[in-house]
Amino acid sequence: MELLNEMQLDFLSKSENEAFSRIVIAAFASQLDPTLDELADIKTAVSEAVTNSIIHGYEDKPGIIRIQAKLYDGRIEIVVQDWGKGIEDIEKARQPLWTSKPEQDRSGMGFTIMENFMDELEVESSPGSGTLVRMTKNIKDSKYSR
Amino acid sequence: MELLNEMQLDFLSKSENEAFSRIVIAAFASQLDPTLDELADIKTAVSEAVTNSIIHGYEDKPGIIRIQAKLYDGRIEIVVQDWGKGIEDIEKARQPLWTSKPEQDRSGMGFTIMENFMDELEVESSPGSGTLVRMTKNIKDSKYSR
Amino acid sequence: IGEIRRYLRDNNPIRVSRSLRDVAYKALQVRDVLVNKNSREPSINEIASEMNVPREEIVFALDAIQEPISLFEPIYH
Ligand SMILES: Nc1ncnc2c1ncn2[C@@H]1O[C@H](COP(=O)(O)OP(=O)(O)O)[C@@H](O)[C@H]1O
Ligand SMILES: Nc1ncnc2c1ncn2[C@@H]1O[C@H](COP(=O)(O)OP(=O)(O)O)[C@@H](O)[C@H]1O
Ligand SMILES: [Mg+2]
Ligand SMILES: [Mg+2]
């Protein structure tokens with residue numbers, strides 16, 4: 001499938017960058033001319049992944065978060081990556097309502113949201129080396145433009 | 001001076017990414033709580049630098065453009081970089097109305113715009129290795145927030 | 001055929017570009033109101049909190065209605 005466009009953004013694991021990263025992905029995805037709903041899904045999923053990197057990956061300590069995005073005809077692929085703590089048991093982490101920080105009022109629904117709002121979700125992670133989340137969403141009636 | 005936040009964006013030298021890069025820099029700069037006029041100045045200056053990398057640096061061939069931005073109290077520093085053709089005579093290139101592509105209806109005002117819309121402008125370039133433009137803008141009454 | 005067209009149009013989900021323009025025009029209106037009220041340029045946060053919209057959204061929206069800038073404007077800036 002033909003790659004139409006791609007980008008890579010590195011930013012610090014600060015909470016003020018969550019809104020920033022959401023707009024960056026929205027601005028890039030909008031080149032595929034999605035509907036408002038499709039765009040909202042993408043923003044929400046990326047938000048969840050970025051929040052996870054800030055809160056769980058780096059546990060509010062300084063670190064770098066990377067977002068890569070690729071546009072194909074009718075499809076966007078997004079990777080959110082950190083070099084933080086990593087996940088011990090990925091299968092358990094992906095289960096609805098499971099959270100390692102119940103004391104912090106986390107809902108344990110982040111991965112479930114990503115799975116439901118996007119069409120594909122892959123998680124690669126190992127303790128000590130970090131986490132990579134790859135998500136894909138199909139955009140109906142997409143017209144690459146501008 | 002204390003560094004408040006920083007980011008780095010890599011993207012392809014495609015004309016559709018000009019608008020994208022403008023939104024990214026404006027969203028990041030908005031953390032300093034500028035006015036709409038200050039934001040418009042920053043976007044225009046970055047637009048000119050990115051257009052130069054696309055048109056002159058890579059001459060519409062594929063290449064990578066990098067934008068780095070740093071936020072300080074009351075100040076944003078922006079670097080726009082390419083690894084394209086480079087500039088032979090920087091002093092001449094910076095002169096108002098001077099363009100190497102008069103046949104393409106270029107106005108030769110890009111560097112003049114950057115200089116006027118921003119508070120500082122530095123250009124590093126050498127033929128064959130690329131161009132780096134560093135711009136700084138002071139933001140009055142800035143309040144870093146969120 | 002006219003009816004089918006209308007049907008298609010009515011079911012056409014909202015595209016981003018239209019909603020961006022709505023937000024942007026609202027932001028410019030709010031800016032004017034705040035300029036009149038405070039006799040100075042409002043900051044992006046002031047506009048955002050007045051509209052109850054994240055400032056990054058406003059930034060994104062404003063780009064959608066950005067008018068082509070005059071290349072010679074800056075000389076008199
Ligand atoms: N980037 C990450 N780095 C380390 N651990 C993570 C990361 N993302 C998710 N996790 C782990 O997976 C769990 C489930 O994540 P999620 O479904 O988003 O729920 P929540 O964030 O509410 O805990 C987290 O509690 C955490 O233990
Ligand atoms: N990134 C770049 N790579 C190579 N040459 C450049 C670059 N940016 C500017 N230049 C050179 O500097 C000249 C002046 O740039 P500018 O003031 O923006 O005017 P214009 O783009 O209208 O030619 C260009 O015509 C070009 O020769
Ligand atoms: Mg989560
Ligand atoms: Mg130029």
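What's counted below: heavy atoms across the whole structure, side chains too, no hydrogens, waters or symmetry copies. So that the names make sense, note that chain A is the first sequence line, chain B the second, and so on, each numbered from 1.
Interface residue A:F28: backbone and side-chain heavy atoms are both found under 4.5 Å from chain B. Contacts of B:E6 with chain A are made by both backbone and side-chain atoms, with heavy-atom separations under 4.5 Å.
Between chain A and the options B:E18, B:Q8, B:Q68, B:M7, heavy-atom pairs under 4.5 Å are most frequent for B:Q8. Counting heavy-atom pairs closer than 4.5 Å to chain B, the top-ranked of the candidates A:N5, A:L12, A:V24, A:I64 is A:N5.
Of the possible polar contacts, none joining the A:T131 side chain to the A:D82 backbone as a donor-acceptor pair under 3.5 Å is found. Judged by distance alone, with hydrogens and angles left aside, the side-chain atoms of B:E38 form a donor-acceptor pair with the main-chain N or O of B:K140 at under 3.5 Å.
Contact between A:L4 and A:D73 at its shortest, heavy atoms only, is CD1-N, 3.5 Å.
When each of A:M118, A:Q81, A:E120, A:E77 is paired with A:R134, the side-chain contact (heavy atoms from CB on, under 4.5 Å) condition holds for A:E77 and for no other.
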